[in-house]
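Down below is the structure, laid out as structure tokens.
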Amino acid sequence: AGVDTSRQGGRHRRTSVVSSEPTWQPDGMLRPADEFWLMAHDHVSGRPHLHPAVEAVGLATALLAELINLDHIDLRSGALCVQDPQSARGVELDAAQQAVSTAIHAETQPADLRTWLRALTVVAPDLVIQRLIDADRIREDRRLLGRTRVVPTSSVEAARTQVHLAGTLRRGQPLTQLERFLVDLV
């Protein structure tokens, strides 16, 4: 937070220099898996708020939602289906999205959503953590006795989407489709 030097009624007022908008990536995409991970962990210490199995299902679900939103895959009658490459948006997939997309595209028959969620819960946490590290949103913190944990690089940035969503809901403003998904997931 910063101090606004303007005066109001003869007193200085304290204002936040932090926008309440969600953290958008350089390509303009909100990545629900990243935001879910950040909301599922303490914004200062990085300690998880959820059981690892619950977190893994949420991350797997969010990664699939990212691919559905980009029109790379579709959910039809409970099965994940590969979309026609012509219908996919022109957004280049990042490493996490590409790993999931490649696995789905390698299947010859559409598999049901539960099967994919079960498979992705194994890799989703590592994929999302690596993406967050690559984006410099979290970092590894080496502790005594050789233990390593990941912590947000900025507690303000880590809490940004949560603050934005809470404010938007409190004011009764409409949410975007991805914001609604994230609220439902949380």
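Here, residue 1 is the first one in the sequence, and each next residue gets the next number.
Legend: residues meeting ring-ring contact (aromatic ring centres under 6.0 Å, His included) with His43, ordered by chain and number and at least two apart, are absent. Listed by chain and number, the residues in a salt bridge (charged side-chain N to carboxylate O under 4.0 Å, His left out) with Arg76 are Asp74 (sequence neighbours excluded). Residues meeting the ring-ring contact (aromatic ring centres under 6.0 Å, His included) test with Trp116, sequence neighbours left out: none. For Asp141, the side chain to side chain donor-acceptor pair (under 3.5 Å) partners at least two apart in sequence or on another chain are Arg149. Take Glu107 and apply the salt bridge (charged side-chain N to carboxylate O under 4.0 Å, His left out) test, not counting sequence neighbours, and it matches no residue. Taking the salt bridge (charged side-chain N to carboxylate O under 4.0 Å, His left out) definition, one finds that Asp112 meets it with nothing, sequence neighbours left out.
A heavy-atom distance below 4.5 Å is found between the side chains of Met39 and Leu165. Counting only heavy atoms from C-beta outward, the side chains of Leu67 and Leu93 approach each other to under 4.5 Å. In this structure the side chain of Val183 never reaches within 4.5 angstrom of the side chain of Arg180, judged on heavy atoms.
Checking His164 against Glu179 by side-chain atom types alone, a donor-acceptor pair falls below 3.5 Å. Checked by atom type, the side-chain pair Gln98/Asp94 shows no donor-acceptor distance below 3.5 Å. Judged by distance alone, the side chains of Thr153 and Arg139 never bring a donor and an acceptor atom under 3.5 Å apart.
With a 6.0 Å radius and a threshold of 12 heavy atoms from other residues, nucleotides or ligands, Gln177 has its CD atom at or below the threshold.
Heavy-atom minimum distance, Arg131 versus Leu63: NH2-CD2, 3.9 Å. Minimum interatomic distance between Ala33 and Leu59 (heavy atoms only, all atoms of both residues): O-CD2, 3.4 Å. In plain terms, the two heavy atoms of Gln97 and Glu92 that are nearest each other are OE1-O, 4.4 Å. Between Glu55 and Phe36 the shortest heavy-atom distance is O-CE2, 3.6 Å. When all heavy atoms of Ala56 and Pro125 are compared, the pair lying nearest together is CB-CG, 3.9 Å. Here the closest non-hydrogen pair linking Gly58 and Leu185 is O-CD2, 3.6 Å.
Under a hydrophobic clustering in which Ile, Leu, Val, Met, Phe, Trp and Tyr are joined whenever their side-chain heavy atoms come within less than 4.5 Å, directly or via other members, Ile73 and Leu75 fall into the same cluster. By the criterion of side-chain heavy atoms lying less than 4.5 angstrom apart, applied directly or through intervening Ile, Leu, Val, Met, Phe, Trp or Tyr residues, Val44 is not grouped with Leu50; the two fall into different hydrophobic clusters. Taken together through direct or relayed side-chain contacts under 4.5 Å among Ile, Leu, Val, Met, Phe, Trp and Tyr, Val122 and Val100 form part of one hydrophobic cluster.
With rounding to the nearest 0.5 angstrom, the CG atom of Leu120 is 8.0 Å from the CG atom of Leu127. Rounding to the nearest 0.5 angstrom, the gap separating the CD1 atom in Ile133 from the CG atom in Asp126 is 9.5 Å. The distance from atom CG of Leu175 to atom CZ of Phe181, rounded to the nearest 0.5 Å, is 13.5 Å.
Thr121 contributes a side-chain N or O that, together with a main-chain N or O of Arg118, makes up a donor-acceptor pair within less than 3.5 Å.
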Report task. Given side-chain contact (heavy atoms from CB on, under 4.5 Å), test Leu38 with Ile138 step by step and report yes or no. Result -> CA-CA 9 Å; Leu38 290 167; Ile138 62 173; 4.1 Å; yes

Requested in this report: Tell me, with the steps shown, if Val150 and Leu132 meet side-chain contact (heavy atoms from CB on, under 4.5 Å).
Outcome: CA-CA 10 Å; Val150 290; Leu132 287 165; over 6 Å; no

